[in-house]
Amino acid sequence: MKKVSLEASWLRALQTEFDSDYMIQLGDFLRAEKQAGKTIYPASAQIFSALDQTPLDSVKVVILGQDPYHGPGQAHGLCFSVLPGVRVPPSLVNIYKELETELGVTMPAQGCLTGWTQQGVLLLNSVLTVEHGQAASHQGKGWERFTDRVISIVNEQRESVVFMLWGAYAQRKGAIIDRDRHCVLEAPHPSPLSAYRGFFGCGHFVEANQYLQQQGLDPIDWSLPAAAAG
């Protein structure tokens, strides 16, 4: 994985990771899977989309996910987000419901969240690839170590970032965050299995914007276009 096309500030911060043995082995694993005829999501050019779309020096909010979607045409490198024209997944529907409750934001009919990334929202999955139809198939291959490093870099190099940790998995992964320097918001996961246990009513989007404004930063405009261009 030494030859990686990545946004410049992240590439500088992560170059030693890409040069490390575990990432080289991860690259070998992904190549072998593709050579074996397996379909891997997202497309190679989109694996690092979360970092490409939200440079390190513009990160204001981090939302942590777990794995990419494993259905055709869904994953494009941003947690919870799907490509234009793809049905909005259940967890994202619940995120939209919470936004509508908190801020009166009209629920869009599409699930592409690039409007957030352009404002400094890092939509980071813990694992950045998956095999078609095989949920969690690339866990334990090295991605978790890589994304731990991403979180650590944000924690160390940025100030006053809002971390939204939804569900026990994200909360464990965010344990390293310095809560004196950053705002950490925790709630159950927005999936249909757990959203009613406290994700609904969590108030995170209002709280995030209040915190950013208290730090002298622009709030996030959480509204999204009703439909995205295909």
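Given the structure is predicted, the values throughout are model-derived calculations rather than measurements. This chain uses plain numbering: 1 for the first residue, then up along the sequence. Heavy-atom basis, side chains included; hydrogens, waters and symmetry copies ignored.
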Under a 4.5 Å cut-off applied to non-hydrogen side-chain atoms, are Ser91 and Phe80 in contact?
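When only atoms from C-beta onward are counted, Phe80 and Ser91 do touch, with a gap below 4.5 Å.
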
For Val150, which of Leu128, Asn155, Leu124 qualifies under side chain to side chain contact (heavy atoms under 4.5 Å, CB included)?
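Only one of Leu128, Asn155, Leu124 forms a side chain to side chain contact (heavy atoms under 4.5 Å, CB included) with Val150, namely Leu124.
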
Does anything in residues 177-189 form a salt bridge (charged side-chain N to carboxylate O under 4.0 Å, His left out)? List the pairs, not counting sequence neighbours.
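Of all non-adjacent pairs touching residues 177-189, those that pass salt bridge (charged side-chain N to carboxylate O under 4.0 Å, His left out) are Glu159-Arg181, Arg179-Glu186.
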
Which residue pairs pass the salt bridge (charged side-chain N to carboxylate O under 4.0 Å, His left out) test when at least one of the two sits in residues 74-100, sequence neighbours left out?
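Passing the test, one end in residues 74-100: no pairs.
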
Is Asn94 reaching over with its side chain to a backbone N or O of Ala195, donor-acceptor style, under 3.5 angstrom?
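No, the answer is negative, given that no donor and acceptor are paired below the 3.5 Å cut-off.
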
Kindly work out whether a path of hydrophobic side-chain contacts (I/L/V/M/F/W/Y, heavy atoms less than 4.5 Å apart) joins [X] to [Y].
X: Val162; Y: Val154; result: no
X: Leu165; Y: Ile151; result: yes
X: Tyr69; Y: Ile40; result: no

Please report the C-alpha distance between Arg145 and Asp148 in whole Å, then the side-chain angles of each, then the deciding distance to 0.1 Å, and finally whether the salt bridge (Lys or Arg N to Asp or Glu O under 4.0 Å) criterion is met.
CA-CA 5 Å; Arg145 180 174 168 182; Asp148 279 350; over 6 Å; no

Could you tell me whether Phe200 and His189 have their ring centroids closer than 6.0 angstrom?
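Ring centres of His189 and Phe200 not closer than 6.0 Å.
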
Between side-chain atoms of residues 57-66 and protein atoms elsewhere (two or more places apart, or another chain), which donor-acceptor pairs fall under 3.5 Å?
unit_1	atom_1	unit_2	atom_2	d
Ser58	OG	Pro55	O	3.0
Lys60	NZ	Asp218	O	2.7

Which residues share a ring pair (Phe, Tyr, Trp, His ring centres under 6.0 Å) with Phe29, sequence neighbours left out:
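Applying ring pair (Phe, Tyr, Trp, His ring centres under 6.0 Å) to Phe29 gives His138.
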
Should the pair Phe205 and Trp116 be assigned to parallel (<30°), tilted (30 to 60°) or perpendicular (>60°) ring geometry?
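If you compare the ring of Phe205 with that of Trp116, the planes turn out tilted.
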
Classify the ring geometry between Phe146 and Phe18 as parallel (under 30°), tilted (30 to 60°) or perpendicular (over 60°).
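Answer is tilted, since the angle falls between 30° and 60°.
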
Which residues satisfy the salt bridge (Lys or Arg N to Asp or Glu O under 4.0 Å) test with Glu144, sequence neighbours excluded?
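If we apply the salt bridge (Lys or Arg N to Asp or Glu O under 4.0 Å) test to Glu144, skipping adjacent residues, there are no hits.
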
Output every pair passing side-chain hydrogen bond (donor to acceptor under 3.5 Å, both in side chains) with a member in residues 38-51, not counting sequence neighbours, ordered by first then second residue.
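As it turns out, the side-chain hydrogen bond (donor to acceptor under 3.5 Å, both in side chains) pairs with a partner in residues 38-51, which skip direct neighbours, are Glu33-Lys38, Lys34-Ser44, Tyr41-His132.
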
